[in-house]
Amino acid sequence: MRRAAALLLLLVAAPARAEERRSGFADMAPATRAMQQDDMANPGMLWVLEGGALWQRPAGAAARSCADCHGDAAASMRGVAARYPAMDPGEGRAVDLAGRIALCQARHQGAEPAPRESQAALALAAYVAHQSRGMPIAPPADAGMDAVRAEGQALYRARRGQLDLSCAQCHDDNAGRRLAGSVIPQGHPTGYPLYRLEWQALGSLQRRLRGCMTGVRAAPPAYGAADLIAIEAYLMARAAGMPLETPAVRP
Amino acid sequence: MARVLLQVPATARRGEVIEIRALIQHPMETGFRPDASGVVAPRDIIRRFACTWDGETVFSAELHPAIAANPYLSFTALATASGTLEFAWTGDNGFAQTETRRVTVAE
Amino acid sequence: MASRRAVLAATPGLLAVALARPAGASPEAMRQAMREFLGPDAPVPRPGRVRLELPPLVENGNAVPLSVSVESPMTATDRVRSIAVFTERNPLPGVIIAQLGPRAGAARFATRIRLATSQQIVAVAVMGDGSVWSDSAQVVVTLAACVES
């Protein structure tokens, strides 16, 4: 009986919790929100602009551009970023959006993909993700991805580093409270790649994750590592339904 | 070539004061910032911006390292006659970029 | 293996971190920079006619929106010639010196600036008649909790 009551409570509580989810946008100062909302003031739009040029540029042995296969990104890429990370059947593993773009460059353009976190890689990812701005995050239903997301959840809850802190201890247990002058965000990856005032540049979710890990004095995995993609996949599932903001601005 | 976003109205009425906004991709490295190995990165900034209308200065500015990365500027121009607005950014390490926009001024 | 020094330098602060400031940052350095901008014969800036706007509280000092507007008809004979902005506690006091032509139409501009810490910011406008006007603003830069470097 008590167990049934507890379960009922859980079921009632679950949707309320979903509504309490907040994008980091909601916790920003008015000036920072204004910077994101105005495309002429949002520096992230410079990377989107650059990505749009790269989309049209022929590359690699095939001398083919992204547009030669995918046409107008406004149509073909709409909603795509909202579904990543996803399984790549050829590789038999989960890939994030940056990884998908790199695979595409290698397979179909015969090109050396731009290194992760390079300006070109970020620009193209921002351009593709920008086509999904305003669309709800929609992680794919896929048994393979379920396993990856479970792994990601375990990593999210694992204590790490000299400070012995898990992601969950800040971003679930203490979200909304303050650490020094900053509100601890819930950690929903709604706007990546995003322009971080601290970075003074655009950066990926993996950069943010690695920054958090070094923050708790843990050795972060290398860019592109399966562990980072698993955490990305879990966070996107945790943020399912929230609208994408790329390119977001954060302090 | 640095990416530039410019907002300039294509048309204006004579005597109208138009709003111009310009955003350019540039790190504005201050010359005070140590990198991960403790070495201070040398200064690399845009030092000057100028906007002219058919060669006549509308607005110009000397920028210092305290201007944020990816410099943003908004200012105004008086629409007197149709012409070409030129925007020029120049800076350290030979940085130079120019953009132009045509504005048609109606009576 | 990375040197101990490199590891320490690369380790981000959780609960950061006072930014090291060069010795030049001081109210006196700001007054000196203002004198250099105005020249030896200029009058002392009077408060008024200039409106300097910045958010009173910012969560990151790397990109703080700033706007300046000056009351002026902006005619060929009666206009603002230049507007400069100075800070009290940045490594260097100068921020921007703007020159306005007769084609500016209005005396206002906006940009984004860096503030190393909470401090006073001053805008000074020089008019066609040689008079000098100013406004100031105080900005609090809050301490960031998690920074990468």
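Chain letters run A, B, ... following the sequence lines, proteins first and then strands; every chain starts at 1.
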### Task
Give the member of C/A106, C/A107, C/A104, C/G61 that has the highest number of heavy-atom pairs under 4.5 Å with chain B.
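Result: the option with the highest number of such pairs is C/A104.
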## Note on the structure
Among C/A63, C/G94, C/S67, the residue with the most heavy-atom pairs under 4.5 Å to chain B is C/G94
With side chains defined as the heavy atoms from C-beta onward, is the minimum distance between [X] and [Y] less than 4.5 Å?
X	Y	value
C/L92	B/F32	yes
B/T57	C/Q99	no
B/E56	C/P102	yes

Write down the atom of [X], the atom of [Y], and the distance for their closest heavy-atom approach.
X	Y	result
C/V95	B/I67	O-CG1, 3.5 Å
B/F59	C/L100	CD1-CG, 4.3 Å
B/N70	C/R112	O-NH2, 4.2 Å

[X] versus chain C, heavy atoms under 4.5 Å apart: side chain, backbone, both or neither?
X	value
B/V58	both
B/A69	both
B/L23	side chain
B/E19	side chain

#### Entry: Test side-chain hydrogen bond (donor to acceptor under 3.5 Å, both in side chains) applied to B/T30 and C/R114, step by step
CA-CA 10 Å; B/T30 60; C/R114 291 177 166 130; 5.5 Å; no
#### Entry: Atom CZ of C/R51 with >12 non-hydrogen neighbours under 6.0 angstrom
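Count not over threshold, so no.
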Gap separating the [atom1] atom of [X] from the [atom2] atom of [Y], nearest 0.5 angstrom:
X	Y	atom1	atom2	answer
C/M74	B/T76	CE	OG1	6.5 Å
B/M28	C/N62	CE	CG	12.5 Å
B/H64	C/I113	NE2	CD1	12.0 Å
C/I96	B/L73	CD1	CG	5.0 Å

### Query
chain C: which of B/S74, B/A61, B/A79 shares the most heavy-atom pairs with it under 4.5 Å?
B/S74
